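Everything below concerns the one structure shown next.
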Amino acid sequence: MPPLRVHPVNPRYFQDAAGRAVYLTGCHHWDSLIDNGERPGGFDFERYLDRLEAWGHNFIRLWTHEAWTYDLQPRPYLRMGARFDLTRFDPQFFERLRQRVVRAGERGFYVSVMLFNGWSIHDNGEGNPWDRHPFNRRNNVNDIDGDPDGRGDGADVHTLRVPAVTRLQEVYAAKVVETVGDLDHVLWEISNESPGASRDWQYHLIHHLRSLDAGRHLVGMTACFPGNRNEDLFRSPADWISPGNSRGLQRSWQRDPPPADGAKVVLVDTDHLWGIGGGRDWVWKTFLRGHHPIYMDPLDDDPERQEARRAMGDTLRFAKRIDLASCVPDTKISSAGYALVNRTPGAEEILAYLPRGKAKVDLFDIEGTLHVEWFDAANGMSSDGGPIAGKGKLRFIAPWNREAVLLLTRSPSPAPLERGPGGEVSRATGR
């Protein structure tokens, strides 16, 4: 798993060392790194990877928490009795960080390593974690005060207001880079949902990480909360971003994601849209608008989430089958509005999502024979639709007359792909 770069030709996607376009998708869970007393019993990391592998995913977001309303173990800093020594790191935390990043890579997953968490500094409606934060003056032996105005929260910790705090954060970032920066399958994420006022602090840390890492790994910036402005993400120095819903947009990232223009690689995370939410249709729409869908997941048995998990694996399999580097989102070619299109002469491809199982597809500028494959997004079964003549606007109706994925290619596949009940894939004979 070589280090990723932004694809130089199609910057909607990543590129590996072999020059292949890389599409990332996967589920992530809050306890993937730190045990949280809110959910006693610890987190079975290996079983988590087993499930993602069965669903066909290739990405995880490795969470961190600076503090929470429940006890967290392990923590980055050593405790001296009841308080932290901010000049001494806890080896247990960094050993676990390395073990889990290494293991994820061995299992075939790229890993976004999160450094900070905005839900650790103030009350977002689930209690105030500041009382347990290491930068709360009562909780450290170093006389570090992340709340100089005595407001009862740590909002200033995710700004550049307190230079002593910023310096400690820079040292911590250096320790994280020292711990896992030699591993190729790593991406960096500055913070999960820090407040809108954290923008300049996050920009500063993006540059700081690049200086520590010599640009080896890509750096991401994700949606702020509260006070998110997606323009701050798109204007940022980050290599990849995760937007949030913003008022006043014609398209909602939940219902109708805007097509990617290549300004940034966009990992669209349900965390910043619903919290927990999104179904199979959202996954397909997001993928076919040129983005990378990722999913905050309680890992339960909810039927809608089960469908979304499998859909992410399905989109990854299709992403590997088409020439993704040559594909761009096209909202007009299909009347349904969701399609990736490769217009390379002689190698044209159209991958479209039809929420109602039917659509008109405009093939006026694509002449000659195309081969049709249908995919039933609900049950993972494929059907060979045979050849058709291009040139014109053609009406397509799925064999089952309901939600479907349509693939048009110049050459037929050796056999369509089918997904088993656990997410596993096999070749099927055409029908």
Side-chain angles (χ1 to χ4, degrees), residues 7 9-10 12-13 20-23 56 257 259-260 262 280-281 283-291 311 313-419 425-431:
H7 199 285
V9 175
N10 192 345
R12 299 168 183 81
Y13 302 104
R20 295 177 294 240
V22 176
Y23 162 75
R280 178 178 66 229
D281 60 335
V283 173
W284 279 103
K285 289 176 180 180
T286 301
F287 167 54
L288 293 177
R289 288 285 167 85
H291 306 300
D314 292 336
T315 59
L316 179 56
R317 286 184 279 274
F318 274 96
K320 291 178 177 179
R321 293 179 61 194
I322 61 179
D323 181 6
L324 193 63
S326 300
C327 288
V328 297
D330 190 321
T331 62
K332 303 295 186 183
I333 196 167
S334 162
S335 61
Y338 302 98
L340 286 175
V341 180
N342 171 10
R343 296 183 181 275
T344 304
E348 292 90 344
E349 300 167 300
I350 301 170
L351 180 63
Y353 174 63
L354 283 52
R356 298 180 180 178
K358 55 187 176 182
K360 292 181 180 179
V361 180
D362 186 348
L363 300 176
F364 279 106
D365 59 348
I366 300 178
E367 299 184 15
T369 300
L370 293 170
H371 293 267
V372 179
E373 179 182 331
W374 290 100
F375 179 74
D376 189 335
N379 62 26
M381 303 295 286
S382 291
S383 177
D384 186 348
I388 60 155
K391 193 67 175 176
K393 183 172 287 188
L394 304 182
R395 183 174 178 83
F396 291 84
I397 301 176
W400 41 84
N401 200 25
R402 62 177 183 272
E403 173 195 23
V405 176
L406 171 67
L407 176 63
L408 303 176
T409 59
R410 280 299 185 191
S411 301
S413 301
L417 292 179
E418 291 191 356
R419 166 170 45 81
V425 178
S426 61
R427 291 281 180 185
T429 57
R431 294 186 299 280

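These numbers were taken from a predicted model, which means no experiment stands behind them. The analysis underlying the following values was restricted to heavy atoms, covering all of them including side chains, and did not include hydrogens, waters or symmetry mates. Start at 1 with the first residue, then count along the sequence.
With Asn10 contributing its side chain and Cys327 its backbone, the two residues share a donor-acceptor pair below 3.5 Å. Glu348 contributes a side-chain N or O that, together with a main-chain N or O of Gly346, makes up a donor-acceptor pair within less than 3.5 Å.
Partner of Thr315 under the side chain to side chain donor-acceptor pair (under 3.5 Å) criterion, out of Trp284, Tyr23, Tyr353: Tyr23 alone.
Shown here for Pro257 and Lys285, the closest heavy-atom pair between the two residues is CD-CB, 4.2 Å. Among all heavy-atom pairs drawn from Ser383 and Trp400, the shortest one is CB-CZ3, 4.2 Å. Taking both residues in full, the closest heavy atoms of Tyr13 and Ala21 are given as CB-CB, 4.4 Å, listed atom of the first, atom of the second, then distance. Taking each heavy atom of Leu340 and Pro329 in turn, the nearest pair found is CD2-N, 3.7 Å. Considering all non-hydrogen atoms of both residues, Ala377 and Arg280 come closest at O-CD, 3.2 Å.
The closest side-chain heavy-atom distance from Thr369 to Ile388 is not below 4.5 Å. The side-chain heavy atoms of Trp374 and Leu354, taken from C-beta on, include a pair separated by under 4.5 Å. In this structure, Ile322 and Asn342 have side chains that are not in contact, with every pair of non-hydrogen atoms separated by 4.5 Å or more. Considering only heavy atoms from C-beta on, Arg289 comes within 4.5 Å of Thr331 through its side chain. Residues Leu324 and Glu349 are not in side-chain contact: their nearest non-hydrogen atoms beyond the backbone lie 4.5 Å or more apart. Residues Asp330 and Arg343 meet the side-chain proximity criterion, which asks for heavy atoms closer than 4.5 Å.
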Pair Asp314, Val405 - check side-chain contact (heavy atoms from CB on, under 4.5 Å), show working. CA-CA 10 Å; Asp314 292 336; Val405 176; over 6 Å; no
side-chain contact (heavy atoms from CB on, under 4.5 Å) for Ile366 and Arg410? Distances and angles first, verdict last. CA-CA 10 Å; Ile366 300 178; Arg410 280 299 185 191; 3.7 Å; yes
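Here the two rings, on Phe375 and Phe318, have centers that are under 6.0 Å apart.
Counting non-hydrogen atoms of neighbouring residues, nucleotides and ligands closer than 6.0 angstrom, the CZ atom of Arg356 reaches no more than 12 such neighbours.
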